[in-house]
Student: 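Before anything else, here's the structure in question.
Convention: sequence-line order gives letters A, B, ...; per-chain numbering from 1.
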Amino acid sequence: MTKEKKNKPSKDLPLGFVDRQEKELLVRDFIISNIKEVMIKYGFQYLETPSFEYSDSIGKFLPDKDRPDEGVFSFKDENKWLSLRYDLTAPLARYVAKNYLEIAKPFKRYQLGTVWRNEKPGPGRFREFMQFDADFVGTKSLQADAELCVMVAEILEKCSLSKSDYIIKISSRKITEELFKKLNINDNQKKLTTLRALDKIDRLGWEGVKQLLGKGRKDKSGDFTKGANLNSQTIETIEKELKKNSPESDDLKEIIDIFKNYKFNNFEFDPSIIRGLEYYTGAIFEVNLRFDVKNNKGKVIQFGSIGGGGRYDNLVSNFGNYDAPATGISIGLDRLVYALMQKKEFKIKQTKPVVIIVFDKNFMKEYINIQSLLREANISSEIYPAESKLKKQMEYANKINSPAVILYGEDEIKSGKPTLRNLSTGEEKSIEIKELINEIKKII
RNA sequence: GCAGCAGUAGCUCAGUUGGUUAGAGCACUAGUUUGUGGAACUAGGGGUCGGUGGUUCGAAUCCACCCUGCUGUACCA
């Protein structure tokens, strides 16, 4: 609260960037530790690639060739364009192409890392966020695709979600490709617009999607979106085909068979999921939550999926020499954190220090002795880090949610028995120093 | 990007037919209690009313433009 206001630097953060506080980070750590456990169990290798890549290496093969330069943060360095990675799959393809001869195939790797996207942020959706990504590179086996889904389900359940909290939706790019062939839709632009429209079924329903397949649609705010201009007969065929609730593509049938072997049934065939437009070549997955997610005003919002993936058999071969069919899946960690924190039953224990009150600097030796005992017992503690009145120190302990304070002033030192105050009950006890650890353990 | 709505204290908000010095609750600071937090009471600090320009004797209030946020929509690897 300074008076001088002119020419001060801004305290605001760039659009879509956020400070993340302990409460949130602990949930994220919890998720990450579950991920690592599962990944080790499934035999995946841990990899890290840099935040920046040459734009060519990750940009040239952007799935959406419509706007190849949009959506990423880039800058020019010595005449070469660099971009912050926008996902972990493109760098993986680059890594595999670079190290192809040395790595064992199929290459199973997982990665955790921050990615950046230059697009409009939404609730639980930022321009900088953390992704988890696991892939099989160098195999066409659908066992890999199936296993990825089973594995993600295991991770989610380890994170305390129940089967009714999430569902993995599956489809295949082959279904829409067949459909386009059948309907004689060859124009690439038309295909894209059609796929984009179909991608919105969960949000807009068939009514909205049919408008987008036809002339176009006006949204709530009155804004108008142009449609794919398909004729009504074509639209009806599409609707009829996609409303079938069992898959008619061989790859999906096989994957579902493998699911049975794993006794995994928390999935659903949904031909309306689309994902990356020019990227996937076969099966596609999407991980959706089935409970309501609210914004900070308590309003239920359109949350979308927390992850997804699919088979991309051409991504590595784009680099030239090697043909490496691949399949992968990723989870947006921060979105999962955002959703998880809203589940009432979900609680993460935060360890807060026991505060040792300072009555007089001259007693510091005694305080350090007590603190050493606590540290040996692995109990989080701190000697109040300033000179202050007792009341201030108590207020501090209360505010940081400390479980207890240790009072060791002149009176206590005389008797050699500190007072332990439980801050949630207010109860105070005079205790022998050697009993201190046991008493504190009862409280925390 | 497009569209709608909104921006007043750290937070949530009140305050417009334009009129002295802009308010409340919570939070913060100090005290009532010089060895005791979460309750109460008392006092206090904190705002160029998102920004710039305009209309006016006079603007938080009216107008224009800009910025930021929310929501929808587009795009979404």
Side-chain angles (χ1 to χ4, degrees), chain A residues 1-3 5-6 10-16 58-68 70-72 83 85-93 115-123 125 127 131 133 192-193 195-197 199-200 203-204 208 212 216-227 274-280 284 295-297 299-302 304-305 307-310 312 315 328 330 332 355 357-360 384 388-413 419-428:
Chain A
M1 266 160 255
T2 48
K3 293 218 165 131
K5 291 240 158 110
K6 278 165 196 165
S10 170
K11 297 183 280 287
D12 296 340
L13 289 166
L15 177 67
I58 54 166
K60 208 180 215 170
F61 313 117
L62 277 172
D64 185 358
K65 285 174 186 155
D66 258 9
R67 328 155 49 190
E70 295 206 33
V72 296
S83 296
R85 63 184 177 206
Y86 53 84
D87 75 357
L88 299 174
T89 311
L92 170 67
V115 302
W116 295 264
R117 293 184 189 178
N118 189 358
E119 57 188 29
K120 190 198 152 183
R125 200 172 179 186
R127 289 176 142 184
Q131 252 191 0
D133 191 275
L192 279 178
T193 316
L195 288 174
R196 282 174 187 148
D199 198 25
K200 296 172 179 65
R203 259 196 353 241
L204 309 178
L212 285 173
R217 174 180 180 270
K218 201 185 250 189
D219 72 40
K220 261 198 226 162
S221 67
D223 192 25
F224 187 78
T225 312
K226 269 196 282 182
I274 301 297
R275 311 293 307 170
L277 297 175
E278 292 188 21
Y279 185 99
Y280 292 119
I284 41 188
N295 66 10
N296 57 10
K297 286 182 179 151
K299 196 186 155 203
V300 175
I301 48 170
Q302 278 297 340
S305 69
Y312 51 100
L315 205 61
S330 41
V355 175
I357 301 292
V358 176
F359 285 86
D360 192 316
Y384 185 79
S388 267
K389 289 197 238 182
L390 178 54
K391 181 173 173 155
K392 275 288 277 240
Q393 302 188 44
M394 295 298 294
E395 279 173 352
Y396 169 80
N398 184 50
K399 190 154 189 184
I400 65 165
N401 281 318
S402 164
V405 297
I406 292 169
L407 300 150
Y408 203 41
E410 210 168 344
D411 302 345
E412 287 91 347
I413 287 173
T419 302
L420 179 66
R421 183 182 176 92
N422 180 329
L423 284 181
S424 52
T425 62
E427 186 193 352
E428 257 175 29

Student: Please identify each residue that fulfils side-chain contact (heavy atoms from CB on, under 4.5 Å) with A:D360, with sequence neighbours left out.
Tutor: A:N362, A:F363
Student: Counting any heavy atom closer than 4.0 Å, what does A:K226 reach on the DNA or RNA strands: base, sugar-phosphate only, or nothing?
Tutor: nothing
Student: Provide the distance between the two C1' atoms, one in B:U8 and one in B:U48, to the nearest whole Å.
Tutor: 13 Å
Student: Would you mind reading off the distance between A:L315 atom CG and B:A77 atom P, rounded to a whole angstrom?
Tutor: 13 Å
Student: Closest-nucleotide mapping onto RNA chain B: is A:T193 or A:P14 further toward the 5' terminus? I mean the 5' end.
Tutor: A:P14
Student: If you compare every side-chain N and O of A:K218 against the phosphate oxygens of B:G72 (OP1, OP2), does one of them come in below 4.0 Å?
Tutor: no
Student: Identify whether any heavy atom of A:T225 sits under 4.0 Å from a base atom; if not, whether one sits that close to sugar-phosphate; answer base, sugar-phosphate or nothing.
Tutor: sugar-phosphate
Student: Of all residues at least two apart in sequence or in a different chain, which pass the salt bridge (Lys or Arg N to Asp or Glu O under 4.0 Å) check with A:D87?
Tutor: none
Student: Kindly write out the residues that satisfy side chain to side chain donor-acceptor pair (under 3.5 Å) with A:R127, not counting sequence neighbours, or none if the list is empty.
Tutor: A:N118
Student: With A:E428, which residues qualify under side-chain contact (heavy atoms from CB on, under 4.5 Å), at least two apart?
Tutor: A:L407, A:T419, A:R421
Student: Applying side-chain contact (heavy atoms from CB on, under 4.5 Å), can you list everything that pairs with A:S330, at least two apart in sequence or on another chain?
Tutor: A:Q131, A:D133
Student: When all nucleic acid strands are considered with a 4.0 Å heavy-atom cut-off, which category describes A:L204: base, sugar-phosphate, or nothing?
Tutor: sugar-phosphate
Student: In this structure, how many angstroms lie between the C1' atom of B:C2 and the CD atom of A:E119, rounded?
Tutor: 16 Å
Student: Would you mind building the protein contact string for nucleotides 34-42 of chain B? One character per nucleotide, 5' to 3', B for base within reach (heavy atoms under 4.0 Å), S for sugar-phosphate only, - for untouched.
Tutor: -BBBB----
